[in-house]
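Have a look at the structure below before the remarks.
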Number of protein chains: 2
Amino acid sequence: MPKETDEPKQQPGAGCPIRGVLDRIGDQWSLLTLEALEDGEKRFNELMREIGDISKQMLSKTLRHLEQDGFIRRTVYPQVPPRVEYELTELGRSFLIPMKTLIGWAEQNHPAIISARQRHENS
Amino acid sequence: MPKETDEPKQQPGAGCPIRGVLDRIGDQWSLLTLEALEDGEKRFNELMREIGDISKQMLSKTLRHLEQDGFIRRTVYPQVPPRVEYELTELGRSFLIPMKTLIGWAEQNHPAIISARQRHENS
DNA sequence: CAGGATCCGCACAGATACTG
DNA sequence: CAGTATCTGTGCGGATCCTG
């Protein structure tokens, strides 16, 4: 067959939604943050404790990115001491649905991956 | 309540399959490489051309990682000039199934994300 | 053709200190 | 409490050269 005119080539960032989305959830913390927010709204330090090994800057950045993309909502209660709550939006919640199936795959096939890695170490 | 002995906390890499898998597909090139291999086996330079903006080292690294994890198979044909073919394994192919649903979500919700980003720029 | 080895810049991520 | 600002190191990733 001859060359197609509309090959599925997609340069980075331009019109490629996959890159745009995966670069976000692939950034180590975004997914963990979203999952931490799954069971209701949380405060900043609450998220820090829950995620455990994340620094303030990373959590801050991650939250801002996720908010920018419309995955979470940030609510400031004008009190002293200040109180800020984060919660999933509809978009964020709907994202977790396909994500869950992927996580399920990961859990199910993790042993296979582990053994594949070890097989390679011994070769 | 007292401290639980088995809280769902998962330290990085230890027993967490999600991290192990997502760190791989989130590394910018792995997913693109897998997709490039979806329609049959390819050679090294063929993959380079198809992915477009990847360097030799990155493609090489990515391919080795994917092979280590059992996602792809590498076949060397002892000829001169050398010829090496890469193809998806069953594991790799099965991975693309849940991944596809996630990609579908990304394509469908990309406009919403874009507009959410722009709404934030103007605020 | 299919990579490995090396050098190097830069963006990312941690630690610390400071602010409202 | 909920962050921001700065400073710094490290590792990713590109470019180039070399090998079988």
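Computed from heavy atoms alone, side chains included, the values below leave out hydrogens, waters and symmetry copies. Each chain gets a letter, A, B and so on, in the order its sequence line appears, and its residues count up from 1.
B:Arg24 forms no cation-pi arrangement with B:Trp29, by the criterion of a distance under 6.0 Å to the ring centre and an angle within 45° of the ring axis.
One interatomic measurement links the two molecules: CD1 of B:Ile54 to C1' of D:dG13, which rounds to 10 Å at whole-angstrom precision.
Using a 4.0 Å cut-off between charged side-chain N and carboxylate O, A:Lys100 and A:Glu35 make a salt bridge.
Across residues 58-72 of chain B, B:Met58 each have a non-hydrogen atom less than 4.0 Å from an atom of DNA chain D (numbered order).
Applying the 4.0 Å criterion to OP1 and OP2 of D:dC1, one finds that A:Arg43 has every side-chain N and O outside that range. Remark: B:Arg74 is in phosphate contact with C:dG3, judged by side-chain N or O atoms under 4.0 Å from OP1 or OP2.
When the options A:Glu67, A:Arg43, A:Glu46, A:Arg74 are evaluated for a side-chain hydrogen bond (donor to acceptor under 3.5 Å, both in side chains) with A:Tyr86, the one that passes is A:Arg74.
Enclosure of atom CD in A:Glu90 is not indicated, since only 12 or fewer non-hydrogen atoms of other residues, nucleotides or ligands lie within 6.0 angstrom.
Across all strands shown, B:Tyr86 has heavy atoms under 4.0 Å from sugar-phosphate atoms exclusively, and none from any base.
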Identify the pairs formed between an N or O of the protein and an N or O of nucleotides 16-20 of chain C at a distance under 3.5 Å, and give each distance.
{"residue": "C:dT16", "atom": "O4", "partner": "A:Gln57", "partner atom": "NE2", "Å": "2.8"}

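For A:Thr62 (side chain) and A:Met58 (main-chain N/O), a donor-acceptor pair under 3.5 Å exists by modelled atom type.
Direction of the helix axis in the helix from C:dC1-D:dG20 to C:dG20-D:dC1 shifts by 40° between the two five-pair termini, rounded to 10°.
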